[in-house]
Amino acid sequence: MAVIIDGKAVSDRIKSEIALENKKLMDDIGVMPGLAVIIVGNDSASKIYVSNKIKACEKVGFYSEKIQLSEKISQKELVARIEELNNRVDIDGILVQLPLPKHISEKVVLGKIDPRKDVDCFSPFNVGRITINDYRFLPCTPAGVMELLKETGVELAGKNCVVIGRSNIVGKPMAMMLINESATVTVCHSKTVNLPEITSKADILISAVGKPKFVTADMVKDGAIVIDVGINHDENGKLCGDVDFNAVEPKAGYITPVPGGVGPMTIAMLMKNTIMAAKANAILNVKSAGKTKAAKSKSDK
Ligand code: NAD
């Protein structure tokens, strides 16, 4: 029987800590973190994700702004909206809910977010910083996984970790973050040959594929930590992950459920990135106000 890692409880604890930190930030320097969430079009799943993010902001006491844009918006107009937000002092974090309509390049749009406000950590600049283990933000879902791994108390250094999935938002940064913790990491993907042979050697198995019941018991080593990032629906329309939970749970040492595992952690990490951004931006704003004052007094002479 595996220990179930309760992502909801960990996420609630982190959000409570952030709420306290936020109160202190307001009391000490009068700064209220602000998050802008852009949603383009009417994708129903995206709408639910965005509304959960806005609710989380309310819960921890942040200012938030939902910017609903038409599916027909041009890339140029969307970039202009991002640039406006880049220049607003009351906005510390900018998030563009993915996916975007086909006529808009995610790469171009994400690249336009000021790296200091890139709380999703999808911009090339911030992704590059993870690679050199010198980062400001971490992408929310893999950062949430790292927090859940921390909960197990298991030392990551030297562990054999297998990540299934190589997407830019989950699989690749996940692998990088595990390497930064000195784990030995194998990344598997759709072209991997003999997947079960590789996964069954993993001390820590992380699945980010997007297919229900993809990870079966024969793919899992006895006592392994199994982290399920997948969000899928089973044949009855019920929310489920990638892991065949009932079959894998008796074999694993630790396992995350879906729902209630990685999902709630993603939002908690977004709140964490937003308050970090607010603190850094507050220092920057004070510095630039000082410079403006200095420049003004020089020109007055
Ligand atoms: P993606 O579609 O971009 O990537 C899926 C990956 O799975 C690809 O790299 C692909 O190579 C790999 N894959 C596909 N078939 C495979 C196979 N047969 N064998 C091995 N690898 C295979 O998806 P993503 O954005 O990385 O998301 C993955 C899953 O995680 C989805 O279910 C998504 O909904 C979920 N997700 C959850 C959260 C969260 O907050 N919990 C956040 C992001 C994504």
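The analysis underlying the following values was restricted to heavy atoms, covering all of them including side chains, and did not include hydrogens, waters or symmetry mates. Just so you know, ligand 1 is whichever comes first in the structure, and atom 1 is the first atom listed for that ligand. None of the values given here were measured: they were computed from a predicted structure.
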For [Y], is there any backbone N or O sitting under 3.5 Å from a side-chain donor or acceptor partner on [X]?
{"X": "Thr131", "Y": "Val127", "result": "yes"}
{"X": "Thr199", "Y": "Met219", "result": "yes"}
{"X": "Asn273", "Y": "Val119", "result": "yes"}
{"X": "Asn87", "Y": "Glu83", "result": "yes"}
{"X": "Asp234", "Y": "Cys240", "result": "no"}
{"X": "Asp242", "Y": "Lys211", "result": "yes"}
{"X": "Asn236", "Y": "Lys238", "result": "no"}
{"X": "Asp43", "Y": "Ser46", "result": "yes"}
{"X": "Lys112", "Y": "Val108", "result": "no"}
{"X": "Asp244", "Y": "Val215", "result": "no"}

Original post:
Got an N/O contact under 3.5 Å between Asp242 and ligand 1?
Top reply: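 So ligand 1 has no N or O lying under 3.5 Å from an N or O of Asp242.
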Subject >> Close N or O approach (Ile231, ligand 1; < 3.5 Å) >> reply: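 Among all N and O atoms of Ile231, at least one is under 3.5 Å from an N or O of ligand 1.
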Original post:
More than 12 foreign heavy atoms under 6.0 Å from NZ of Lys213: is that the case here?
Top reply: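 Open.
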Does [X] come within less than 4.0 Å of ligand 1, judged by its heavy atoms?
{"X": "Thr192", "answer": "no"}
{"X": "Met265", "answer": "no"}
{"X": "Ala208", "answer": "yes"}

Option of least heavy-atom distance to [atom] (set: [options]):
{"atom": "atom 3 (O) of ligand 1", "options": "Ala45, Ser167, Pro99, Pro142", "value": "Ser167"}
{"atom": "atom 31 (C) of ligand 1", "options": "Gly261, Gly210, Pro139, Ser207", "value": "Gly210"}
{"atom": "atom 25 (O) of ligand 1", "options": "Ile227, Ile169, Val215", "value": "Ile169"}

Against heavy atoms of [X], which atoms of ligand 1 measure under 4.0 Å?
{"X": "Val170", "result": "26 (O), 43 (C), 44 (C)"}
{"X": "Val262", "result": "41 (N)"}
{"X": "Phe214", "result": "17 (C), 18 (N), 19 (N), 20 (C)"}
{"X": "Thr266", "result": "39 (C), 40 (O)"}
{"X": "Asn232", "result": "32 (O)"}
{"X": "Ile164", "result": "20 (C), 21 (N)"}

Got the closest protein heavy atom to [atom], with its distance?
{"atom": "atom 21 (N) of ligand 1", "value": "His189 C, 3.0 Å"}
{"atom": "atom 36 (N) of ligand 1", "value": "Val229 O, 3.7 Å"}
{"atom": "atom 15 (N) of ligand 1", "value": "Lys211 NZ, 3.1 Å"}
{"atom": "atom 9 (O) of ligand 1", "value": "Arg166 N, 2.8 Å"}
{"atom": "atom 11 (O) of ligand 1", "value": "Ser190 N, 3.0 Å"}
{"atom": "atom 5 (C) of ligand 1", "value": "Val209 O, 3.4 Å"}

Original post:
Which pairs count as salt bridge (Lys or Arg N to Asp or Glu O under 4.0 Å) when at least one residue sits in residues 261-285, sequence neighbours excluded?
Top reply: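 Counting only pairs at least two positions apart or across chains, the salt bridge (Lys or Arg N to Asp or Glu O under 4.0 Å) contacts touching residues 261-285 are Glu21-Lys279, Glu147-Lys272.
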Original post:
Under the salt bridge (Lys or Arg N to Asp or Glu O under 4.0 Å) rule, what pairs show up with a residue in residues 64-75, not counting sequence neighbours?
Top reply: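 Non-adjacent pairs meeting salt bridge (Lys or Arg N to Asp or Glu O under 4.0 Å): Glu65-Arg88.
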Original post:
Counting heavy atoms only, which part of Thr141 comes closer than 4.0 Å to ligand 1: side chain, backbone, both or neither?
Top reply: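 Just the side chain.
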